[in-house]
Amino acid sequence: MLHFNNLYIDETVKNEELVKFISEKISYVNLHFVSGENHPGDGILLTRNRGAFVKPCPGQKGSVCCGYWVVEWGLGCPFGCEYCIIQNYTGAGDITLFVNWEDCKREIIELRQKVKGPIRLGTGQFGDPMALEKIYPLNTQIIDWTRDFEDFTLEIKTKSDYIEPILLAESAKHVTMAFSLNPLWLIDKLEHGAASLEERLLAARKVATQKNCSLAFHFDPIIPLANWQQSYEEVFNLMAAKLKDLRVNWISLGTFRFPKGFQEYVEKYHPDTQILSEEFYPSEDGKIRYFRPFREKIYNFAREKLEKLFPETAIYICMETPHVWERLNQAKFLSADLKKLLDARIK
Ligand code: SF4
């Protein structure tokens, strides 16, 4: 059971059934009634989303962006990955959940009516959605709301192996179950609370074979610590062995990057971490990254291996500049090209 020191409930939602449901699924020491969306810290806040649930992915300024849509259900995550930017924004372990699901449902339906052509909608942008699904089963609902949508996929991205909602769904053909992966030793060292590599791959195989849903994988962030080529190649080979003959829609690659101020967060919560041991440089978008030629070396290495093992899968790079894409592809590659590449996988 997830435990919090404080449960904060926004006065405007205190009588909602969902608030009662969540309160009964967690344990907490103190209960407070508050006003608004601002998280007071050290706990979980249940409130209303006063803005939009459904938004275009906030692809970084200057990056090649894939035209993804995201559901902003709140913010936070019970896992404790040492490289996590979200934990940096929220305070480690703090979670905000929006409970006005009727607005979320309406906006998702309106999105399908408004957008012509394929839609890729994801719930994994603001925390690990399956890590919270037992107390906040929004993905279960979205799978159901969208089951008759044409030209659509719901991407559920996780580092857990919790797949029951997909296995129990009436239909999950419109779901892309996505697992974020890293070498086993990095998972053990950095991804506190998350499932093991074997468990994630087993869960992937299960949902694909039992529910006919598509799969996706994200290597983001790639962290090139000691023997990184060998470590990542072992994961690629393991994936190929475990997932043989299954449909993998896409695999993304992204190297570790972080905003200014992140270092203080890491030093506070993970003082012995090794993730900052490489050299980093500020990029034009304000993020701090590995040196560009080193990033390109990593992408070239991973892409070449993965393209051989998964020839039908779109292998793409997340949040990189057109310049990096152009050097990797030896041709211009812009946001519209990336959108087309990924949209083609859900037709
Ligand atoms: S699973 Fe994702 S959101 Fe959760 S701590 Fe790890 S990186 Fe952050």
Side-chain angles (χ1 to χ4, degrees), residues 2-4 26 39 41-45 55 57-58 60 68 70-98 122-136 138-139 155-163 165 176-201 203-204 216-225 235 251-259 261-276 287-289 318-319:
L2 288 178
H3 177 79
F4 300 91
I26 59 172
H39 198 307
D42 193 18
I44 182 167
L45 167 67
K55 297 176 174 171
C57 179
Q60 259 138 39
Y68 196 55
V70 296
V71 179
E72 186 170 348
W73 45 261
L75 188 68
C77 182
F79 293 158
C81 303
E82 293 188 10
Y83 49 73
C84 182
I85 308 301
I86 289 167
Q87 302 283 10
N88 177 37
Y89 292 137
T90 57
D94 288 349
I95 291 170
T96 298
L97 298 174
F98 298 138
T123 53
Q125 203 76 15
F126 301 93
D128 190 312
M130 294 314 270
L132 291 164
E133 188 73 9
K134 284 184 191 163
I135 66 161
Y136 183 75
L138 179 62
N139 287 278
E155 184 178 33
I156 305 174
K157 199 191 306 181
T158 190
K159 289 188 179 84
S160 79
D161 63 345
Y162 183 58
I163 49 171
T176 299
M177 197 63 212
F179 295 85
S180 297
L181 301 181
N182 250 322
L184 182 57
W185 73 274
L186 276 181
I187 291 176
D188 287 348
K189 227 173 163 44
L190 302 179
E191 298 179 357
H192 307 290
S196 72
L197 177 61
E198 285 272 347
E199 287 166 339
R200 292 179 214 178
L201 293 176
F217 295 92
H218 298 282
F219 288 91
D220 194 355
I222 294 175
I223 301 193
L225 292 178
V235 183
I251 300 175
S252 79
L253 306 171
T255 48
F256 178 44
R257 57 205 175 273
F258 52 90
F262 179 75
Q263 247 159 298
E264 286 104 78
Y265 155 80
V266 176
E267 278 155 17
K268 179 172 171 196
Y269 290 102
H270 309 288
D272 299 325
T273 195
Q274 290 172 27
I275 60 174
L276 300 171
K287 285 269 157 70
I288 297 164
R289 293 178 152 88
C318 195
M319 305 271 186

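Remember, it's 1-based here, ligands and their atoms both numbered in the order they're listed. The model shown is predicted, which means the values in this text are computed figures rather than measured ones.
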| task | Measure the shortest side-chain to side-chain distance between M177 and T158 over non-hydrogen atoms and say whether it is less than 4.5 angstrom. | result | yes
| Can you tell me if an N/O/S atom from C84 lies under 2.8 Å from atom 6 (Fe) of ligand 1? | no
| message | Against ligand 1, does G127 come closer than 4.0 Å with any heavy atom? | response | yes
| query | What is the ring orientation for H270 with Y265, classed by angle as parallel under 30°, tilted 30 to 60°, or perpendicular over 60°? | reply | perpendicular
| said: For atom 6 (Fe) of ligand 1, what's the nearest protein heavy-atom neighbour? Residue, atom name and distance, please. | reply: C81 SG, 2.3 Å
| Residue of the set L190, D220, V266 for which side-chain contact (heavy atoms from CB on, under 4.5 Å) holds with Y83 | L190
| Short list, please: which atoms of ligand 1 are under 4.0 Å from a heavy atom of C77? | 1 (S), 3 (S), 4 (Fe), 5 (S)
| task | With heavy atoms under 4.0 Å as the rule, classify the contact between Q87 and ligand 1 as side chain, backbone, both or neither. | result | side chain
| query | What protein heavy atom sits nearest atom 2 (Fe) of ligand 1, and how far away is it? | reply | K159 NZ, 3.5 Å
| query | Among L132, I135, T90, whose side-chain contact (heavy atoms from CB on, under 4.5 Å) with I95 holds? | reply | L132
| task | Check whether NZ of the Lys or CZ of the Arg K159 lies under 6.0 Å from the centre of the six-membered ring of F79 and within 45 degrees of that ring's axis. | result | no
